[in-house]
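For reference, the structure is listed below as structure tokens.
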Amino acid sequence: MEFKAGHVSIIGKPNVGKSTLMNTILNEKLSPVCPKPQTTRHNILGILNVDNAQVIFIDTPGMMKKPKDNLDKRMLNRAKTSISDGDVCLYMIEPFEKEEIPDILKNQKLKILAINKVDLVNKLTLLPLIEHYNNLSLFNEIIPISAKKGDGCDVLVENIISLLPHHPPFYEKDILSIHPEKFFAQEIIREKVFSTYGEEIPYFTCVSIEEFAEREKGKDYIRAIVYVDRPSQKAIIIGKGGKALKKVGEESRKEIEAFYGKSIYLELVVKEKEGWRKKEGFLKEIGY
């Protein structure tokens, strides 16, 4: 059987379950997952290796209709770029109501529609929904799934592979992702910020790894900066007596250690950067 390999862009609105799906398929937590929308800000690449194929998934930021600032614009551009660069576009929706398909998808030749969260609805309501999208004649396949439970994910992967081009593998078979180590530490810390703080605080924070030092003896050292937009936000992030920041640090450290399989010393620092979401130079400097 000839080998297949290619890139699959996972596209959809914020909080539709894109990151959960990639993590489930890869059986590894590469993308941050949080009930709050816009948890994913980067295109995160994860690689699935099976006997006859290599599937390179690209988890993208949620598609927003109206970007509010330069950060939103950059996230939307990344999602759009991944659509044009991918061999297959996997568009995800929820099963609760009919959704308008973005025009940018209609020009892509190979597309799969994944209807996620089907475990939350009566299966009888899925039939007219599937029929509706079938009648649009836009998708090669329409597959109901539950990314959280894993239902339908094997069928989804089989259909993705069937659409990939014949091509030798792009990466060695033991590689799960090509992002540098510090990238995942940064994403883990940012996920903990999103899950710890309420209201709009997480959306006005970003995380930058200032130092990532591997040591032959003792623990590896990571110094991360949590940037906020205003002084009042800095006080909230730190919390009374530093308790809130300490909680973020402890939870982040445990997950980073589990991810890398080694002990680390994590230092978290909070700094103010007013209007950082609008500053092009700063966004580029910290990897956006």
Side-chain angles (χ1 to χ4, degrees), residues 18-36 38-49 56-59 61 147-148 150 171-198 201-202 204-228 233-273 276 285-288:
K18 301 181 296 296
S19 298
T20 300
L21 175 63
M22 189 173 82
N23 292 341
T24 297
I25 290 175
L26 299 179
N27 196 30
E28 183 72 53
K29 187 179 177 183
L30 291 185
S31 286
V33 177
C34 179
K36 295 183 177 70
Q38 297 185 29
T39 306
T40 300
R41 288 178 177 169
H42 297 272
N43 285 354
I44 299 178
L45 186 148
I47 304 168
L48 175 68
N49 290 292
I56 304 160
F57 289 98
I58 305 169
D59 179 20
K148 189 174 183 178
Y171 305 100
E172 297 293 330
K173 285 195 172 184
D174 59 346
I175 294 179
L176 187 65
S177 184
I178 60 171
H179 295 292
E181 279 194 327
K182 71 176 187 178
F183 173 84
F184 292 106
Q186 171 185 294
E187 291 299 282
I188 288 169
I189 296 167
R190 194 166 59 79
E191 180 198 52
K192 299 309 175 188
V193 170
F194 263 69
S195 61
T196 299
Y197 302 97
I201 290 295
F204 290 97
T205 62
C206 62
V207 177
S208 178
I209 303 297
E210 188 176 62
E211 186 176 352
F212 193 113
E214 296 186 64
R215 296 169 174 169
E216 291 185 9
K217 294 182 179 180
K219 299 179 179 181
D220 289 358
Y221 173 72
I222 299 175
R223 175 181 166 88
I225 301 175
V226 180
Y227 287 101
V228 296
Q233 296 164 352
K234 183 176 180 179
I236 294 172
I237 292 292
I238 295 173
K240 186 177 181 180
K243 288 184 178 179
L245 186 63
K246 184 179 180 181
K247 178 187 176 185
V248 171
E250 288 178 348
E251 292 182 357
S252 299
R253 177 186 57 78
K254 289 177 182 178
E255 189 161 326
I256 293 170
E257 287 181 335
F259 186 85
Y260 293 121
K262 52 188 176 182
S263 297
I264 66 160
Y265 178 84
L266 174 63
E267 181 182 1
L268 287 184
V269 179
V270 184
K271 292 185 178 182
E272 181 191 348
K273 190 76 172 180
W276 68 265
E285 178 186 328
I286 62 173
Y288 287 122

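By convention here, the first residue in the shown sequence is residue 1. Owing to the predicted nature of the structure, the values given are computational and were not obtained by experimental measurement.
- For residues 205-214, the set of pairs meeting the salt bridge (charged side-chain N to carboxylate O under 4.0 Å, His left out) definition, not counting sequence neighbours, comprises E210-R223, E214-K262.
- Between L30 and N23, the shortest heavy-atom contact is N-OD1, 2.9 Å.
- At a threshold of 4.5 Å between non-hydrogen side-chain atoms, the residues L268 and V270 do not count as touching.
- For the atom pair NZ of K247 and OH of Y197, the computed distance is 8.5 Å after rounding to the nearest 0.5 Å.
- The two residues L26 and F57 have their closest heavy-atom pair at CD2-CD1, 4.4 Å.
- Between S177 and I175, the closest heavy-atom pair is O-CG2, 3.3 Å.
- Counting heavy-atom neighbours within 6.0 Å of Y221 OH, excluding the residue itself, gives a total above 12.
- Taking all atoms of both residues into account, the shortest heavy-atom contact from I237 to A244 is O-CB, 3.5 Å.
- Salt-bridge check for E187 with R190: passed, with a basic side-chain N closer than 4.0 Å to an acidic carboxylate O.
- Rounding to the nearest 0.5 angstrom, the gap separating the CD1 atom in I286 from the SG atom in C206 is 3.5 Å.
- Distance check: I256 CD1 to S263 OG gives 12.5 Å after rounding to the nearest 0.5 Å.
- Within the 4.5 Å cutoff, no side-chain heavy atoms of N49 are placed close to those of Y171.
- Panel note: side chain S195, backbone K192; a donor-acceptor pair is recorded below 3.5 Å.
- The two residues K29 and F259 make their nearest non-hydrogen contact at O-CE1, 3.5 Å.
- Considering all non-hydrogen atoms of both residues, E255 and I188 come closest at CB-CG2, 3.8 Å.
- A distance-only check finds no donor-acceptor pair linking the side chain of T205 to the backbone of V228 [under 3.5 Å].
- A distance-only check finds a donor-acceptor pair linking the side chain of E257 to the backbone of I264 [under 3.5 Å].
- Going from atom CD of E251 over to atom CD1 of I189 covers 12.0 Å, rounded to the nearest 0.5 Å.
- A donor-acceptor pair is defined here as one N or O able to donate and one able to accept, closer than 3.5 Å; such a pair exists between the side chain of T24 and the backbone of A147.
- Taking NZ of K219 as the reference point, atom CG of L266 lies at 10.5 Å (rounded to 0.5 Å).
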